[in-house]
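Report on one structure; see the data block that follows.
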Amino acid sequence: MVGIPQLALRLLRFAVLVYLAGSVVFTLHYVFVRYGEPQSNRAVKPRSLVEPGQATFDVGSMVYSNQIMSWKTPGTYPEHEIEEDAVVHKIFSNTIQPSKVLPYYFKAGREFDPESVTITTLITFDRYPVFSKLVTNYQGPISVTIHINDDENRDENLSKLHDMYNSNPYMKEFVDVHVVVDKFDRQFNMWRNVARFFARSNYFMMLDVDFHICTNLQHHLSLDPEARRLMKSGVAVLLPAFEYVDQEDGIDSATFPKDKDSVYKLVQEKKLTIFHDFFLKGHNATDYERWYKTDSVYKVTTYQHSYEPYVILKKEGAPWCDERFVGYGANKAACLFEIYISGIDYYVLPRDFVIHQSHPYKEETRKQERKYNRKLYQNFQEEVCFRYAKSFIAANTWTQPKADNLKQQCSKIKGFRIAMATFQ
């Protein structure tokens, strides 16, 4: 009976020695493979075009699926690696899935000044011509999300993208293109977030591609120390938006006015008006009458939840657009509402402006989607108000100016003040 435990003990010792020896061999093999051999380039470049409109694309196995992202770890631990697809999927996980995001499908050759303003915008293949005009006009950093439907026309539309990018020399100099391939139309806020996430400067402008920046925005900002100070402080600055009364006058951006005096003259002649003046809540908080007369940046004091200006913000620090909004209606308003509630004020630039370039609308589609998003936006406002209120209270900033915007807007919600009393 005594010999059995001794035999078992010897076997256990032998097993431990085998395990330790195996561990040493495995570790040496891992180190040799991981650090001793040159790493192959996992990136497989997207297929180049031979003739316009004749390429085919294997989206599932493009460079982005095989690219690895590494996280450095403390001490001598090996880096942690995750496939880029997994990282991107998590970043945009609130979108309808599956959705394939291809960052930097094309990347601009120029290195951008970190203090410059990157225009972030979104387009589908039918808006390529007007986008090309925007690139030529701005000649500054642009980060664009381009949606490609994953259907029988996918390869043709990707080919058109190559044609568009190669047709304008300014594209290769200034434009970073990020492609989203899926079966879901009009995920506008997700597309906005993609363009912002991959922008390569400290500031970005949320701009719809149909709007033409009529002035030398970058130059004006460089000459306005107050505007730059405000931008660095984290507030949003914005450009007033106009459109032509006669839509035919708004087709050719080359004829648009280039200074405020010319704008005012056209407004007086009733040829130019506030963008969508049939829905004044969208832009009237800009206070156009004050803008016509001022030479200084000024604060928006009559914000309300339907306000949709074209803003310039710090890339880091501002809330992201909520990706649950899909389709027309309230998507940008919801984005700007959360930004405002978070404590970011809006200021109007005195000399710069944008004008809408006329194009037909899909009114029936817009009508149905607005109806759905209107209900979603009502619930969203309550959610945002309570979420940020609890955050401000927990951070002991409820009594600071940062919470003023929230108190002003959220107190309009029925029962909000009573609920706040239970949190404090």
Side-chain angles (χ1 to χ4, degrees), residues 92 94-97 99 120-127 130 144-147 149 180 182-196 205-211 236 238-243 247 250 273-286 300 302-311 313 318-342 346 354 356-385 387 409-410 412-413:
F92 304 108
N94 285 332
T95 61
I96 303 175
Q97 296 292 340
S99 185
T120 59
T121 191
L122 47 101
I123 60 173
T124 50
F125 74 91
D126 57 326
R127 306 304 293 156
V130 73
V144 59
T145 302
I146 297 180
H147 179 250
N149 261 314
V180 175
D182 59 33
K183 298 180 182 294
F184 315 112
D185 290 330
R186 296 184 289 283
Q187 294 202 81
F188 296 134
N189 278 356
M190 181 260 199
W191 301 348
R192 288 188 176 103
N193 287 344
V194 169
R196 172 186 167 184
M205 179 181 185
M206 281 200 299
L207 184 69
D208 292 343
V209 72
D210 301 317
F211 280 83
L238 64 93
L239 284 67
F242 295 88
E243 69 177 341
Q247 294 297 295
T273 185
I274 298 171
F275 180 62
H276 281 182
D277 60 0
F278 58 84
F279 183 67
L280 289 175
K281 290 183 178 180
H283 289 272
N284 66 349
T286 299
V300 171
T302 56
Y303 172 88
Q304 41 70 37
H305 69 269
S306 297
Y307 190 39
E308 293 187 328
Y310 294 97
V311 298
L313 285 155
W320 297 81
C321 296
D322 195 292
E323 295 166 358
R324 291 173 294 177
F325 287 86
V326 177
Y328 294 111
N331 54 81
K332 189 170 71 173
C335 184
L336 293 166
F337 179 80
E338 183 167 355
I339 289 170
Y340 186 75
I341 293 301
S342 74
Y346 294 147
V354 295
H356 183 249
Q357 299 174 80
S358 305
H359 65 91
Y361 292 106
K362 300 176 181 178
E363 284 303 332
E364 189 57 33
T365 301
R366 287 170 176 260
K367 182 179 179 181
Q368 294 301 319
E369 292 177 345
R370 284 194 184 108
K371 182 178 180 181
Y372 165 77
N373 278 336
R374 189 180 303 116
K375 295 180 180 179
L376 178 61
Y377 190 26
Q378 291 173 352
N379 295 332
F380 175 78
Q381 290 175 63
E382 293 187 14
E383 174 194 319
V384 168
C385 283
R387 174 155 47 89
Q409 291 298 309
C410 299
K412 301 174 185 177
I413 297 175

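This one's a predicted model, so the numbers in the text were calculated from it and none came from an experiment. Note: hydrogens, waters and symmetry copies are ignored here, and every other heavy atom, side chains too, is used.
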Taking side chain as C-beta onward, heavy atoms only, is Met190 less than 4.5 Å from Phe184? no
Going by atom types only, do Arg196 and Asn193 share a side-chain donor-acceptor pair under 3.5 Å? no
Can you name the nearest heavy-atom pair linking Phe337 to Cys385, along with the distance? CZ-SG, 4.1 Å
CD1 of Ile274 to CZ of Phe242, rounded to nearest 0.5 Å, is 7.5 Å
Any cation-pi pair here, Lys332 with Tyr310, using under 6.0 Å and within 45°? yes
SG of Cys335 to CG of Asn189: how many Å apart, nearest 0.5 Å? 5.5 Å
Do Ile96 and Asp182 have side chains that get closer than 4.5 Å, going by heavy atoms? no
Flag side-chain contact, heavy atom, 4.5 Å: Tyr340 against Tyr307: no
Nearest 0.5 angstrom please: Ile146 CD1 to Thr121 OG1, how far? 9.5 Å
Are any of the side-chain heavy atoms of Val180 and Gln187 separated by less than 4.5 Å? no
Donor-acceptor pair, distance only, cut-off 3.5 Å: does the side chain of Glu243 make one with the backbone of Ser358? no
Any side-chain heavy atom of Lys412 sitting closer than 4.5 Å to one from His305? no
Between Met205 and Val354, which heavy-atom pair has the shortest distance, and what is it? CE-CG1, 4.4 Å
Are the side chains of Asn94 and Asp322 in touch, meaning some heavy atoms are under 4.5 Å apart? no
Nearest 0.5 Å please: distance from the CG atom of Asp210 over to the CZ atom of Arg127. 4.0 Å
What's the separation between atom CD in Glu338 and atom CH2 in Trp320, rounded to the nearest 0.5 Å? 12.0 Å
Rounded to the nearest 0.5 Å, what separates atom CZ in Arg186 from atom CG in Asn373? 10.5 Å
Check Phe211 against Ala241 and note the closest heavy-atom contact, atom names and distance. CE2-CB, 4.0 Å
Kindly determine whether Val300 and Leu238 satisfy side-chain contact (heavy atoms from CB on, under 4.5 Å), including the steps that lead there. CA-CA 10 Å; Val300 171; Leu238 64 93; 4.0 Å; yes
Less than 4.5 Å apart, side chain to side chain, heavy atoms only: is that true for Asn284 and Gln304? yes
Using only heavy-atom distances, determine whether the side chains of Arg192 and Asn331 contain a donor-acceptor pair under 3.5 Å. yes
Are side-chain N/O atoms of Thr286 and Tyr346 paired as donor and acceptor at under 3.5 Å? no
Could you check whether any side-chain N or O of Thr124 sits under 3.5 Å from a backbone N or O of His147, counting only pairs where one atom can act as donor and the other as acceptor? no
Going through the distances and angles, do Glu308 and Ser306 end up as a side chain to side chain donor-acceptor pair (under 3.5 Å)? CA-CA 6 Å; Glu308 293 187 328; Ser306 297; over 6 Å; no
Does the side chain of Val326 come within less than 4.5 Å of Glu369's, by heavy atoms? no
Is it the case that over 12 heavy atoms from other parts of the model lie below 6.0 angstrom from the OH atom of Tyr303? yes
Can you name the closest pair of heavy atoms from Ala333 and Tyr377 and give their distance? O-OH, 3.3 Å
Pair Asn149-Asp185, side-chain donor/acceptor within less than 3.5 Å: yes
Between His356 and His359, how do the two ring planes meet: parallel, tilted or perpendicular, split at 30° and 60°? tilted
Looking only at heavy atoms, what is the nearest atom pair of Thr95 and Phe92, with distance? OG1-O, 2.7 Å
